[in-house]
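Below is one structure, written out as C-alpha cells; comments come after it.
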Amino acid sequence: MNMTKTSHPFFDGLKTIPEGKHKELQKIRNWLLTQPHLPTISDDFVYLFLHACYYDLTRTKYTIDRYFTIRSKTPMLFANRDVDHPTIQTCIELAHVVRLPKLTPDGYKVLMYTCKDPDYTKLVFADAVKGFCMFNDCALSEDGLAEGYIVLFDMKGVSLGHLARVSLPPLKAFLNYIQEAHPARLKQIHVLNTANYINHIMRIILPLVRSEFLSFVKFHKGNVPEGIPIEIMPKDYGGEAPTVKELDEESLSMVDKYRDWLKDSEKYQVDETKRIKKGSWWGGLFGYGQQTIPNNNNMALVVDGQQKVYLKDLQID
C-alpha cells in the first residue's frame, strides 16, 4: 500500500486495534478491491468506518462510498483546506469550537460550539461549514475510535441575521454528509439558550433530515444540557473544566498541528470514470440515488426534557 507523508485518518496512528474484528476488516478489504473508483485507504481508515457503523458490513460499505463521494463532489466544503486562508481565519474569529476534556458517564466525547463574535455580517455560511468539518476531522483523529459523541450548540449571540446568511446548497450537502457519511457515533445534540425563533430554523432544516436524526436533538432554554454532569462543563457554564476561551486556544493549537494533514486529506477522491455501474438491486441494497426524506412538520421535539412539543406548536420563552 502506498503510504503518504501523513497518516489518515489518525495523525498519530490508531493506538488501539479493535480485538476480534480482523475478519470484518478483511471482508471490507476484499470489497474495496471490487470498487476501483474508491481511493486506497489504510486499515486504520477501514476500522474507523467499521467502528462508526457498529461493525455492520453493509452499512460500512455504504458509508465508505458516501464519505468519499460526498467529499469529492462538494468542493465548497471539502477542498482548499488551508488553515491560513483568510476565510478560515475569519471562521476561527467568529466561533469557539472546543472538546471538553472529560467524558460523560457513558464514555462519550463532548464537542461544544459557541458564538465568539456576534457580528453576523462577517459570516459566510459555506466557509463556516468547511471550518466546522475541518475541526471535526481533527477531533476524530485525536479521539481514535470514540464510543460516541455528544454535540452542544450554544445559541447565545446567534441572531436572525445569522439565519439570513444560511445558504441552502452547503446546508443540504452538510446534512447529507452528517447523516450518511460522517464516520462517528453521534449520540445526542443539545441546543442551549434556544432562541424563540428556533421554529424558523427548524422549518429550513426539517425537509433535509430524517426523523431518526431529529430524535437525537434536544432544546434547552438555559445553558445546562440535560443528562450531562455539570462538573464536566466549562467554568463559564458552572462546571470544573477550563473556560471556553481556554479550551478554544487548545483547539487552535490542535488545528495548527494538522495543517499539512488537512491539505493532504484532499487527495482522497473518487474516480467516477472507474465506478462500476450496478443494476437497480444494488442501488436498493445500498441506498444509492435520490432518497425521499419524510415530511417532519409534525415531528415531536424535546424541550428541557419536558413533554414533547410539535414543531408547529414550538415556542421557546
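Computed from a predicted model, the values in this text were never measured in an experiment. Counting begins at 1 with the first residue of the sequence.
In this structure, the side chains of L111 and N136 come closer than 4.5 Å at one or more pairs of heavy atoms. Proximity of K245 to K116: side-chain heavy atoms (C-beta onward) are nowhere separated by under 4.5 Å. R275 places a side-chain heavy atom less than 4.5 Å from the side chain of D65. Between W31 and I64 there is a side-chain heavy-atom pair separated by less than 4.5 Å. The shortest distance between side-chain heavy atoms of P75 and N80 does not fall below 4.5 Å.
Panel note: side chain Y197, backbone S159; a donor-acceptor pair is recorded below 3.5 Å. Between the side chain of S7 and the backbone N or O of G13, no donor-acceptor pair lies under 3.5 Å. Side-chain atoms of Q179 come within 3.5 Å of backbone N or O of L175 as a donor-acceptor pair. In this structure, R185 contributes its side chain and H51 its backbone to a donor-acceptor pair below 3.5 Å. Remark: side-chain polar atoms of H182 are not paired, donor with acceptor, to backbone N or O of A184 under 3.5 angstrom. For the pair R59 (side chain) and C53 (backbone), a donor-acceptor distance under 3.5 Å is absent. Judged by distance alone, the side chain of S42 and the main-chain N or O of H8 form a donor-acceptor pair under 3.5 Å. E93 places no side-chain N or O within 3.5 Å of a backbone atom of D117 that could act as its donor or acceptor partner.
The same ILVMFWY cluster, assembled from side-chain heavy atoms under 4.5 Å apart, contains both F125 and L168. Residue I189 is not grouped with residue L103 when hydrophobic side chains (ILVMFWY) are merged at heavy-atom distances under 4.5 angstrom, including chains of intermediate members.
In this view, P101 and A241, P242, L247 satisfy the side chain to side chain contact (heavy atoms under 4.5 Å, CB included) rule, not counting sequence neighbours. Not counting sequence neighbours, the partners of L163 by the side chain to side chain contact (heavy atoms under 4.5 Å, CB included) test are L160, V166, H200, I201, I204. The side chain to side chain contact (heavy atoms under 4.5 Å, CB included) check on Q89 picks up V83, D84, I92, with sequence neighbours excluded.
Checking S265 against R71 by side-chain atom types alone, no donor-acceptor pair falls below 3.5 Å. In this structure, a donor-acceptor pair under 3.5 Å is present between the side chains of Y258 and S141. D154 and Y237 are linked by a side-chain donor-acceptor pair at a separation below 3.5 angstrom, with hydrogens and angles left out of the test.
Listed here is the closest heavy atom pair of S251 and V98: OG-CA, 3.5 Å. A pairwise comparison of heavy atoms in A95 and D248 identifies O-OD1, 4.0 Å as the closest pair.
Partner of H190 under the side chain to side chain contact (heavy atoms under 4.5 Å, CB included) criterion, out of I228, V151, V224, V110: I228 alone.
The pair E272-K73 counts as a salt bridge, with a side-chain nitrogen and a carboxylate oxygen less than 4.0 angstrom apart. Between D106 and K187 no salt bridge is recorded (no basic side-chain N to carboxylate O distance below 4.0 Å). The pair K156-D236 fails the salt-bridge criterion, with no side-chain N (NZ, NE, NH1 or NH2) lying under 4.0 Å from an Asp/Glu carboxylate O. Under the 4.0 Å criterion applied to side-chain N and carboxylate O atoms, E142 and K109 are not assigned as salt-bridge partners.
Centroid-to-centroid, the aromatic rings of Y47 and F10 stay 6.0 Å apart or farther.
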- Message: Walk me through whether I41 and F68 qualify under side chain to side chain contact (heavy atoms under 4.5 Å, CB included).
- Response: CA-CA 11 Å; I41 60 175; F68 292 113; 3.5 Å; yes
